[in-house]
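Notes to accompany the following structure.
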Amino acid sequence: MLREFFLNEVKTAVSLLVKDKKLGQMSLEDNYNLQSEIPKNSQFGDFAVNVSSLSRYTKLAPAKTAEIIASEINKSGFEINVTAGFINFKISSSMLNKIINEILEKKLDYAKNNVGKGEKVILEYVSANPTGPFHIGHGRWAAMGSALANIMKYSGYDVYQEFYINDAGSQIQKLGKSLYIRILQELGIEIDFPSDEEEAKNFYTGEFLIPVAKEFIEAEKERAKTIKNIWTGDFNEEQLKYISKYARLKMLAKQQALLKNFRTFFDNFFSEITLHESGKVENCIKKLQELGVLYEKDGAIWFASSKYGDEKDRVIKKSDGAYTYLTADIAYHYDKLQRGFTKLLNIWGADHHGYIPRMRAAVEVLGYNPDSLEVLLGQLVNLVINGEEVRMGKRTKMVTLDDLIDEVGVDATRYWMIMKSIDTTLDFDIELAKSKTDDNPVFYVQYAHARACSILRNASADKPDIINNTIQKGFEPDLSKADFNLIWIADDEKSVETTKKLILKLEEYKFVVQSAAKNKTPYLVTKYLQELACDFHKFYTFSKVLVENEKLMCARLSVVKAVILILKSAMNLIAVDTPEKM
RNA sequence: GCGUCCGUAGCUCAGCUGGAUAGAGCACCUGCCUUCUAAGCAGGGUGUCGAGAGUUCGAAUCUCUCCGGGCGUACCA
C-alpha cells in the first residue's frame, strides 16, 4: 500500500533523527501519531504526510521540522517537496507501471489482506420474526451485512454469518391464529379479524397470509376438510398448533428464498426454539443464578444489569412464568461465545439501541469482555415515491422487500442500500433507483465496466496475438508486447495526467478495502467504485487505447484490464453484477 | 426528562482519531459523437459547515450550552 509506504519513509526518518538528537528537542519518549494522505490538490504531489503536529515536540516551526525530515529521506522512485508542514511525494512512472503489473498478476485478489488476522467473528444480521414478509429495512441489513461479511473475509477475518430466527415467542401463536382465520375464509366460512382495534392487534391482518392459506388447503386437503368440519367458532388447539408450525416454516422458507435471491448467504439459521428445547436457556439462567446476579421481586425474576452499566434491572422470567425475549437472547449470545467466537458483531435497527447496555452487561457477567459485543446500529429506511416520503403505517399498504426488488432489481436495490453510511436515515427513492440515466450511480459503474470490456473485445478481434481470449486467458493482454514508457511520453498532457490518476486510484483500492473492513463501513466501497468509474471514463476520453503503435496499445490494454479486475473485485464484494455489455 | 443518531451547496450525502483555498453526485446552463459503447466527457457557481461559547498556533472535526428532526425509554418481540 503506497500510503503506508510513504508514511513509513517519514517515520523511519523521524526515528533516525531523534536518535541522533537532530530533530529539535524531540526525544524518544515523545509519542507522536502521523498519517499519510492523498492531497486534495494534486499539484502538491501524489501523497503527503503532514508533520506539523511534531512541532510541539521539536519546538521548531512546522516548515523547518518538515525540511529536516525530508532531507533525511532517501529518494528512490519518487520526488519530495516540502510546503508548509507537509512533506509531499511525487511517484515515478516506474512505480505506476509496477502497480499495473501487480494487478494483472494477482487479479481479483489484488487487495486481499490480513488486517483481520483470522479473528473469529460471528456476524448476526436481519434476524427477523418468521411472521411476515421482509420490509425494506430488512433489505438494508441484508445488503449491508452480506457486503460487510464479504469485505471482512477478503481482509482476513474469519466471518461466520448467522440469522437468528425469532420463532419462539407469542408472535408465532398470533401468526397461527391469523392463518387459521385466512384458511377458514378460503374454505368459505364467514369469519373476519376482530373489528376492535385493540383486539385486532393480536392478529396479522395483512393480506400476505391469503396465498399461504390457499397453499395450505392445496397441500393439506384432508386436514382442511377436518378444520372446516370441526369449526365451532373457537380455535381447535390441536389444529392451531399444526397451523402455527406450518405458517412458521412457510414464512421462513419464503424469507430464505428471498435472501438467496438477494445474494445474502448465511452459514446458519439459528432457531430460537432449539435454544429452549436444548435446555440452553435453562442452563444460562442457572449460570446467572450461580453468579448471583438474579433476584426475585413482584413475582418475577430480575437480572441486576444496572450494576453493569445498564440504566435499570431487567426481567428474566415474567410473573406468568414465561421468559422475556432478552432471556433467550442472552442465552443465544452465551452460546455464540461458547462456540469460540471472539467477536460478536450484530446489525440491529436503531429502534433496538436501548438494548445494547443490557446485552453488554450480560456478556460481562458471563465472564467475557463486553467489548467482544459490537453492535452496528442501522438507522431506518424511508421510502420516497414521487418525491413524497411514504410512512409505513396502518393506512398505507406496506411495501415489502419483494415488491421493491421486483420494481428496481437486485443490483440497484443492493447498491442503494449499501451506498449510504449506516448512521444516516436512508431515503430510498424508488424512481431514482429505477432510472437508467445518469442520476443512477449503479449504472454509472456498470457502464464503466461494460465500456472497458468492449475495448478488450474489439482488441482481441483485431489483434489476437496481443490480447488473447482463450478460455484459460480471458482477454489477457500479452505484457511482453507492451511498452509502458510510451504511456508517459505521449505528447498529450491530458492523457498522461488522467492515466496517472487512474492508476493511483487503482492502487487506492487496497486502502479502501482495509478501511471498510476495519471500520465496518461497506459504503466506502461504493464511494470508491464511483470515483474509479469516473477516473476510467476520463482516461477513456483522453487516451485512445486501440492505436497504431502496438506497444502503446498493449500498455493501455493492460491498464484497461486492470480497471476491469478492480471494478469486478469491488463489485463482487458488494455482490452487484458487472455486465460485459450494456 | 433521560439515552442515542442526525443537522455541511437548491436536493441526496462524503469529510468528523483537529491541519494546505470545505468535497462528490444529482438538478440547472453551454459545448463535444464520420474515430475503442454519449448510460460518457469538458466547462460554468453555489456554502453564516444548525446557533453560541470554550480549548488550540489552527475547529466542519474536540468540549459545553441551546435549537430542530428521527429512534428508543415494557414483566412486547
Side-chain angles (χ1 to χ4, degrees), chain A residues 33 35 37 39-41 43-44 48 50-53 55-56 61-62 83-86 88 127-129 131 166 168-172 174 201 272 297-302 311-312 314-329 349-357 377-380 382 384 387 416 419-427 429 432 435-448 450-459 461-462 494 498 523-524 527 530-531 533-534 536-547 553 556-557 560 581-582:
Chain A
N33 184 24
Q35 277 173 67
E37 56 186 292
K40 286 173 205 148
N41 189 335
Q43 74 185 22
F44 289 116
N50 182 356
V51 296
S52 307
S53 60
S55 288
R56 83 180 58 174
T83 50
F86 289 81
N88 298 299
S127 293
N129 299 335
T131 55
N166 244 238
S170 55
Q171 77 279 5
I172 294 298
K174 187 167 141 184
K201 279 186 182 162
E272 184 185 345
K297 194 181 102 186
D298 304 332
I301 295 176
W302 296 70
E311 57 183 63
K312 55 179 274 202
R314 308 291 168 180
V315 170
I316 284 293
K317 192 172 191 176
K318 297 188 258 180
S319 51
D320 69 0
Y323 299 125
T324 60
Y325 174 78
L326 174 69
T327 312
D329 217 14
D351 50 339
H352 285 73
H353 75 84
Y355 206 77
I356 298 173
L377 273 188
Q379 296 298 316
L380 304 177
N382 292 319
V384 175
W416 278 74
M419 201 167 55
K420 302 278 166 68
S421 149
I422 197 165
D423 287 334
T424 103
T425 311
L426 175 66
D427 284 320
D429 189 321
L432 223 55
S435 77
K436 300 231 155 108
T437 60
D438 27 335
D439 27 354
N440 200 334
V442 197
F443 291 102
Y444 183 79
V445 176
Q446 290 183 325
Y447 181 63
R451 213 179 195 188
C453 287
S454 158
I455 297 174
L456 298 195
R457 259 197 316 274
N458 294 339
D462 288 353
K494 266 291 200 188
T498 50
Y523 76 90
L524 290 180
K527 198 168 146 259
Q530 218 62 28
E531 292 164 3
C534 177
F536 172 70
H537 284 309
K538 283 180 182 157
F539 162 83
Y540 180 93
T541 305
F542 293 106
S543 305
K544 186 155 166 75
V545 177
L546 306 181
V547 290
M553 173 167 97
R556 288 198 172 139
L557 279 172
V560 173
K581 283 183 189 173
M582 281 173 82

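Predicted model, so just to flag it, every value in this text is computed and none were measured. First the proteins, then the strands, lettered A, B, ... as listed; each starts at 1.
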Is there a stack between Tyr444(A) and rA39(B), judged by ring centres under 5.5 Å and planes under 30°?
-> no
So what does Asp462(A) touch, heavy atoms closer than 4.0 Å: a base, only the sugar-phosphate, or nothing?
-> nothing
Considering just the side-chain nitrogens and oxygens of Arg56(A), establish if one lies under 4.0 Å of OP1 or OP2 belonging to rC57(B).
-> no
Please work out if Ala84(A) contacts a base, only the sugar-phosphate, or nothing of the nucleic acid, heavy-atom cut-off 4.0 Å.
-> nothing
Ser421(A) side chain near rA14(B) phosphate (N/O to OP1/OP2, under 4.0 Å) = yes
State which of rG70(B), rC75(B), rU37(B) makes the closest approach to the side chain of Gln379(A).
-> rG70(B)
Taking the six-membered ring of Tyr540(A) as reference, does the NZ or CZ atom of Arg451(A) fall below 6.0 Å from its centre and within a 45° cone about the axis?
-> yes
Taking rG19(B), rC6(B), rU17(B) as options, the one with an atom nearest any side-chain atom of Phe86(A) is rG19(B)
Classify the side chain of Asp351(A) versus the base of rA77(B) as yes if they form a donor-acceptor pair under 3.5 Å and no if they do not.
-> no
Tyr523(A) side chain near rG15(B) phosphate (N/O to OP1/OP2, under 4.0 Å) | yes
Using a 4.0 Å heavy-atom cut-off across all strands, classify Lys581(A) as base, sugar-phosphate, or nothing.
-> base
Mind checking what makes side-chain contact (heavy atoms from CB on, under 4.5 Å) contact with Ala48(A), not counting sequence neighbours?
-> Glu37(A), Pro39(A), Phe86(A), Asn88(A)
Could you tell me whether the side-chain ring of His537(A) sits stacked on the base of rA39(B), using a centroid cut-off under 5.5 Å and a plane angle under 30°?
-> no
Please state the P separation for the pair rC41(B) and rU56(B) - nearest whole angstrom.
-> 47 Å
Any side-chain N or O of Asn458(A) under 4.0 Å from OP1/OP2 of rU37(B)?
-> yes
Give the dot-bracket string for RNA chain B, reading 5' to 3', where a pair is Watson-Crick or G-U wobble with both distances under 3.5 Å, ( ) marks pairs inside the strand, [ ] marks pairs crossing earlier ones, | marks a partner on another strand, and . marks unpaired.
-> (((((((..((((.....[...)))).(((((.......))))).....(((((..]....))))))))))))....
Side-chain donor/acceptor of Ser319(A) to base of rC75(B), under 3.5 Å | yes
Between rU35(B) (P) and Met553(A) (CE): distance, integer Å = 19 Å
Does Tyr540(A) place a side-chain N or O at less than 4.0 Å from the phosphate oxygens OP1/OP2 of rA38(B)?
-> yes
Distance check: side-chain N/O of Lys538(A) vs OP1/OP2 of rA42(B), anything under 4.0 Å?
-> yes
Side chain of Asn50(A) - closest among rU37(B), rU35(B), rG19(B) = rG19(B)
